[in-house]
Amino acid sequence: MIKDNILKVREHISLVCSRINRNPKEITVIAVSKDRTSEQIRQVIEAGIVDIGENRVQEAHDKFYALHLPAGQPGNTQYAGRKIKWHLVGHLQTNKVKEAVKIFDLIHSVDSLRLAYEIDKHAAKINKVQDILLEVRTSPEATKFGFKPEETAAAINEIAKFKNINTKGLMTIAPMVDVPEKSRPYFRTLREFMETINVRRDAHNAIRILSMGMSDDFEIAIEEGANMVRLGRAIFGG
Ligand SMILES: *Cc1c(COP(=O)(O)O)cnc(C)c1O
């Protein structure tokens, strides 16, 4: 079933991309596996998805070490010969940062300078440059976390001073809506926002990742420029 779901998702992505003239290869599908088992993650990987998203550090930790034995070796995240990338998509508390930097390739939910400071500190201790996205609160109803849009550019500049963090892009969570189309303004806001930020940066310093869109609205998000979509139910069912 997971395999069929993934085929369907790929098909939808191809259709949207051909309609708007984008290359489907630009779109990274993250299988958000919160509340799912390591066995289900194995199935996802076997079906060809190598990007795994989790919401909570402890839960990710358990599955990470179930899939990537022997434990305690950061960087050793091969599975069946493929490099698996772990994404933290949920809110990160500062007391979980030490563990988070050992596990995650990309932290999508950086929502304060204090958190960025902690990430930098712990990443430095393990000689890592941690890739992150800044979470932007495009809608006050969707979540209480995230930088306000007007704070984001300044936050990126501050975080650029940290040696062990690399800001790769932006993430947003759209509010719950009855029809996917209603998510469009939030996605558009994030994309325009990234464009505005990049106007003031050299091309080689541009931020490029736009993490937006979930099971109900990923097609709209792709139309608005998403290059990472975070899919739970569309892949695992339910
Ligand atoms: C759960 C979750 C997802 C996936 O949600 P679905 O609607 O099941 O696709 C994506 N992003 C975040 C931040 C989540 O918490």
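In listed order, ligands and their atoms are each counted from 1. By convention here, the first residue in the shown sequence is residue 1.
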Trainee: Nearest protein heavy-atom contact for atom 13 (C) of ligand 1: which residue, which atom, what distance?
Mentor: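 Here the closest protein heavy atom is V89 O, 3.5 Å.
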Trainee: Counting both backbone and side chain atoms, is some N or O of G232 under 3.5 Å from an N or O of ligand 1?
Mentor: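 Between G232 and ligand 1, an N or O pair is found under 3.5 Å apart.
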Trainee: Note the single closest protein heavy atom to atom 9 (O) of ligand 1, along with its residue, its atom name and the distance in Å.
Mentor: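 Among all protein heavy atoms, the one nearest atom 9 (O) of ligand 1 is S215 OG, 2.5 Å.
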Trainee: In the protein, which heavy atom is nearest to atom 3 (C) of ligand 1, and how far is it?
Mentor: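 Answer for atom 3 (C) of ligand 1: M214 SD, 3.5 Å.
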Trainee: Please check if atom NZ in K128 has more than 12 non-hydrogen atoms from other residues, nucleotides or ligands closer than 6.0 Å.
Mentor: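 More than 12 within 6.0 Å, yes.
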Trainee: With no hydrogens and no angle check, do the side chains of R230 and S211 hold a donor and an acceptor under 3.5 Å apart?
Mentor: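 On atom types as modelled, these side chains qualify, holding a pair under 3.5 Å.
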Trainee: Count I, L, V, M, F, W, Y as connected when their side-chain heavy atoms are under 4.5 Å apart, and connections chain through other members. Are L210 and F147 then in the same cluster?
Mentor: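 Linked, L210 and F147 end up in one cluster.
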Trainee: Looking only at side chains, do D111 and H91 share a donor and an acceptor under 3.5 Å apart?
Mentor: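 The answer is yes; a qualifying pair exists.
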Trainee: Quick check on contacts: which atoms of ligand 1 are under 4.0 angstrom from a heavy atom of R233?
Mentor: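 In order of number, 6 (P), 7 (O), 8 (O), 9 (O).
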Trainee: I need the atoms of ligand 1 closer than 4.0 Å to a non-hydrogen atom of L231, numbered in the order shown.
Mentor: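 Those atoms are 9 (O).
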Trainee: Check the side chains of E54 and S33 for a donor-acceptor pair under 3.5 angstrom, ignoring hydrogens and angles.
Mentor: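 Their side chains do contain a donor-acceptor pair, which is all the 3.5 Å distance test asks for.
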Trainee: With heavy-atom distances below 4.0 Å as the criterion, list the atoms of ligand 1 near R230.
Mentor: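 In order of numbering, the contacting atoms are 4 (C), 9 (O), 10 (C), 11 (N), 12 (C), 13 (C).
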Trainee: Looking only at heavy atoms, is any part of N55 under 4.0 Å from ligand 1, and if so is it the side chain, the backbone, or both, or is it neither?
Mentor: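 Answer for N55: side chain.
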Trainee: What part of K34, side chain, backbone, both or neither, has a heavy atom within less than 4.0 angstrom of ligand 1?
Mentor: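 The answer is the side chain.
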Trainee: I'd like to know if the side chain of N55 pairs up with that of E59 as donor and acceptor (distance under 3.5 Å, no hydrogens or angles considered).
Mentor: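 The answer is no; no qualifying pair exists.
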Trainee: Considering residues, nucleotides and ligands other than K98, do more than 12 of their heavy atoms fall under 6.0 Å from its NZ?
Mentor: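 No, because the 6.0 Å sphere around NZ of K98 holds 12 heavy atoms or fewer from other groups.
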